[in-house]
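Remarks on the structure that follows.
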2 protein chains.
Amino acid sequence: MKRLTLEEIGQIAGVSRSTVSRVINGHPNIRPAVRQRVEDVIRQTGYQPNSAARSLASSQSRVFGLVMPSLMQSAFADPYYPLVIQAISHACNQHDYTPALFLFQTLEEEEKTSQRIVASGMIDGLVVTADTIESTFVSKIQEYEIPFVQIGRPLQASAADISYVDVDNEAGSYLAASHLIQLGYRRIGQLATAHNVAGAHRDAGFRQALTDRGLPIDESLIEVSDFSEAGGYDAMRALLERQPEAVFAHSDAIALGAIRAIRDRGLKVPKDIAVVGFDDMPLAASADPPLTTVRQPIYRTGTLAVETLIDIVRTSPAPARHIVLPVELVIRASSGAVS
Amino acid sequence: MKRLTLEEIGQIAGVSRSTVSRVINGHPNIRPAVRQRVEDVIRQTGYQPNSAARSLASSQSRVFGLVMPSLMQSAFADPYYPLVIQAISHACNQHDYTPALFLFQTLEEEEKTSQRIVASGMIDGLVVTADTIESTFVSKIQEYEIPFVQIGRPLQASAADISYVDVDNEAGSYLAASHLIQLGYRRIGQLATAHNVAGAHRDAGFRQALTDRGLPIDESLIEVSDFSEAGGYDAMRALLERQPEAVFAHSDAIALGAIRAIRDRGLKVPKDIAVVGFDDMPLAASADPPLTTVRQPIYRTGTLAVETLIDIVRTSPAPARHIVLPVELVIRASSGAVS
DNA sequence: CAAGAATTTGAGAGCGCTCTCAATATCTAT
DNA sequence: ATAGATATTGAGAGCGCTCTCAAATTCTTG
């Protein structure tokens with residue numbers, strides 16, 4: 001099918017290229033009759049402006065990039081990223097942006113692609129998930145002055161002029177720990193994740209809760225895990241030696257691994273050891289026992305990231321936006337509060 | 001940071017715009033000394049050609065679209081799609097293509113965005129996952145003559161001129177069913193999925209295996225489920241009434257749900273009922289008991305889809321490519337073959 | 001109904017690249 | 001050294017759009 005141009009649409013409608021352009025871009029000062037006529041032609045022909053020409057002339061592409069640097073294989077097993085991607089995709093569709101996806105499995109891959117992303121003008125803005133330690137990527141974006149928002153808070157001090165959308169990890173783990181304390185548990189372990197900002201915040205909230213309730217912090221009750229089920233299993237096996245009465249895991253996947261480890265040892269959840277997770281992923285509700293967990297609004301995070309980015313692009317230069325979304329504790333059987 | 005143009009690079013290197021263009025595009029017939037000089041300037045300046053201008057002049061964007069039509073919320077919980085996305089992203093990075101993501105949660109969303117995708121020239125080719133019944137999308141792509149490959153075989157007759165990459169679902173379920181039969185099980189149930197091509201093929205392979213081994217096909221031992229764990233649980237509960245000795249599930253998630261249902265009924269896997277899944281997702285190996293399942297090369301599917309698409313774009317017009325990848329049976333404890 | 005103001009439209013340049021074609025530089029063989 | 005072949009380079013048009021500026025049209029108002 002032959003693709004039409006503005007000129008040709010104009011010809012059919014009996015107006016100039018300029019007028020058609022005005023109609024498409026919603027400019028004022030067009031006689032209603034003319035606008036109608038042009039719109040009819042556009043609809044009938046299914047005309048869509050050539051996006052390359054548009055970008056070139058207007059120097060904006062209406063493409064957003066979604067960047068996930070140094071993403072390990074495993075991270076994607078977690079339903080977190082898929083959900084974020086889905087949210088971002090949907091929000092982009094909604095606002096007539098096209099989301100381009102940049103997943104980097106190695107630094108080498110990141111290196112190779114990132115220059116093209118920032119310097120080719122192909123992208124109007126970026127959503128960056130930067131949960132791990134800083135890559136050089138953010139500084140590169142800043143150098144080229146590309147608008148961007150991070151999902152997850154940046155750790156470093158330069159955070160003030162970086163826009164981000166994050167969930168209140170600290171409050172979440174505070175809730176989780178407080179819940180366990182209120183249920184009477186004293187020896188509360190933590191299956192923590194390291195090297196990521198969210199993990200640091202979750203750890204902080206956990207400690208704060210213990211401290212606020214006058215409990216000592218026993219470092220030997222804290223085991224480090226990655227975000228996987230298998231990691232949780234291993235970490236919990238180690239932790240079992242220390243005989244905790246309850247355990248707070250930094251993710252539901254970890255919690256599920258922990259439950260498996262506890263059961264393998266012949267113990268019952270929550271009777272012998274209570275478990276609380278973080279995420280409220282779909283499997284949490286149908287787990288055995290159903291998992292008490294901290295629900296974070298993952299989808300909303302993605303949506304807000306895009307909307308914030310649009311706002312930044314529109315009003316640039318703009319002050320940085322900082323959004324922290326609330327979380328909630330979902331109480332199910334695994335913590336022993338309900339049967 | 002000010003973005004440079006070809007002209008300016010040429011100025012610095014003391015050559016014309018045309019020559020720089022030639023260097024960038026790897027044309028022959030450039031004096032080595034000149035090429036060297038130009039390449040140095042490009043490297044030092046970090047110059048990247050403006051992609052809009054490039055697209056406009058060459059009428060190709062080096063962008064591939066990844067389209068997932070009528071995707072329900074739940075489908076994304078499955079690690080299948082994330083893995084495909086990851087593979088496609090990686091393959092695109094490898095070949096200097098940019099992957100644009102189009103997930104459609106509703107037909108309305110699909111309708112709104114699809115015209116832009118096909119008619120704006122923003123995209124050189126599409127990878128379409130069309131596991132469900134045909135949307136109007138494929139015919140639209142064909143109308144606009146955009147190269148595309150499907151992941152998963154098209155069901156309808158027009159398949160011959162559609163390129164696709166698929167796994168051998170039929171052989172997979174044939175393997176699974178044969179395995180169970182060989183182990184001596186006779187009343188073998190199936191937790192099947194409906195309304196998707198892969199499901200149809202898996203069902204066919206299952207039936208073929210029974211027939212080939214002289215077993216009757218008992219329709220009452222076939223329950224329909226969606227692809228979720230919860231769906232598997234419900235379907236298995238129903239199936240339990242019919243007292244199967246073994247059950248083949250169309251996905252690992254379904255199998256996991258089935259195991260939970262069996263256990264809730266006070267029965268043991270595999271002692272009372274053997275279970276085989278499909279996918280070999282990461283959780284399959286660490287499930288309790290470890291899941292016998294059909295491993296399909298999901299990642300490879302995505303990679304091949306991109307490579308095939310590149311091949312098609314390059315040699316267009318080209319005959320349709322049909323690729324069917326082999327699967328393998330991974331035997332673990334849940335089928336009762338090993339402890 | 002004319003003259004000025006306001007609205008609506010069109011012409012033209014230009015965004016940064018590719019690609020053709022012609023011009024120039026270099027090489028080969030006599 | 002020189003004609004002819006060949007390799008290398010540059011000039012210029014054009015891709016389809018946006019956006020400015022001026023022209024044409026319509027609307028006011030005395």
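Throughout, a chain's letter reflects where its sequence line sits, starting with A, and its residues are numbered from 1.
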A:Glu145 with B:Arg3: basic N within carboxylate O range, under 4.0 Å: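 No salt bridge links A:Glu145 with B:Arg3.
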
Pairing of A:Arg37 and A:Asp40 as salt bridge, 4.0 angstrom limit: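 Salt bridge between A:Arg37 and A:Asp40, a charged N being under 4.0 Å from a carboxylate O: no.
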
Expressed in angstrom and rounded to an integer, what is the separation of [X] atom [atom1] from [N] atom [atom2]?
X	N	atom1	atom2	answer
A:Leu56	C:dC17	CG	C1'	8 Å
B:Arg35	D:dA7	CZ	C1'	13 Å
B:Arg3	C:dC17	CZ	P	11 Å
A:Gln48	D:dC17	CD	C1'	14 Å
A:Gln60	D:dC19	CD	P	8 Å
A:Glu7	D:dC17	CD	C1'	11 Å
B:Arg37	D:dT9	CZ	P	9 Å
B:Asn29	C:dA22	CG	P	18 Å

OP1 or OP2 of D:dG16 under 4.0 Å from side-chain N/O of A:Asn50: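 Answer no for this pair, as no side-chain N or O of A:Asn50 is under 4.0 Å from OP1 or OP2.
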
Presence of A:Tyr47 side-chain N/O under 4.0 Å of D:dC17 phosphate oxygens OP1/OP2: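 It does, given that an N or O in the side chain of A:Tyr47 lies less than 4.0 Å from OP1 or OP2 of D:dC17.
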
Between the side chain of [X] and the main-chain N/O of [Y], is any donor-acceptor distance below 3.5 Å?
X	Y	value
B:Gln44	B:Val41	no
B:Ser61	B:Met122	yes
A:His322	A:Ile162	yes

Distance-minimising heavy-atom pair for [X] and [Y]:
X	Y	result
B:Pro147	B:Ile312	CB-CG2, 4.0 Å
A:Arg153	A:Val197	O-CG1, 3.4 Å
A:Leu103	A:Met68	CD2-SD, 3.6 Å

5' precedence on DNA chain D between A:Ser58 and B:Ala57 (nearest-nucleotide basis):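 Its nearest nucleotide being more 5', the pick is B:Ala57.
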
Results of ring pair (Phe, Tyr, Trp, His ring centres under 6.0 Å) for A:Phe102 - residues two or more places apart only: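 Checked A:Phe102 against ring pair (Phe, Tyr, Trp, His ring centres under 6.0 Å); zero matches.
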
Sugar-phosphate, base or nothing in reach of B:Ile30, heavy atoms under 4.0 Å: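 Sugar-phosphate, backbone atoms only, no base.
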
Bending between helix ends of the helix from C:dC1-D:dG30 to C:dT30-D:dA1 [5 pairs per end, 10° resolution]: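 End-to-end axis angle for the helix from C:dC1-D:dG30 to C:dT30-D:dA1: 30°, rounded to 10°.
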
Nearest to side-chain heavy atoms of B:Arg31, which nucleotide of C:dG16, D:dT9, C:dT9: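 Within the option list, the nearest is D:dT9.
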
Of the listed nucleotides D:dT9, C:dT9, D:dG16, the one nearest the side chain of A:Thr5: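 So the nucleotide nearest the side chain must be D:dG16.
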
Within residues 8-28 of chain B, residues whose heavy atoms come under 4.0 Å of DNA chain C: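 Of all residues in residues 8-28 of chain B, the ones placing a heavy atom under 4.0 Å from DNA chain C are B:Arg17, B:Ser18, B:Ser21, B:Arg22, B:Asn25.
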
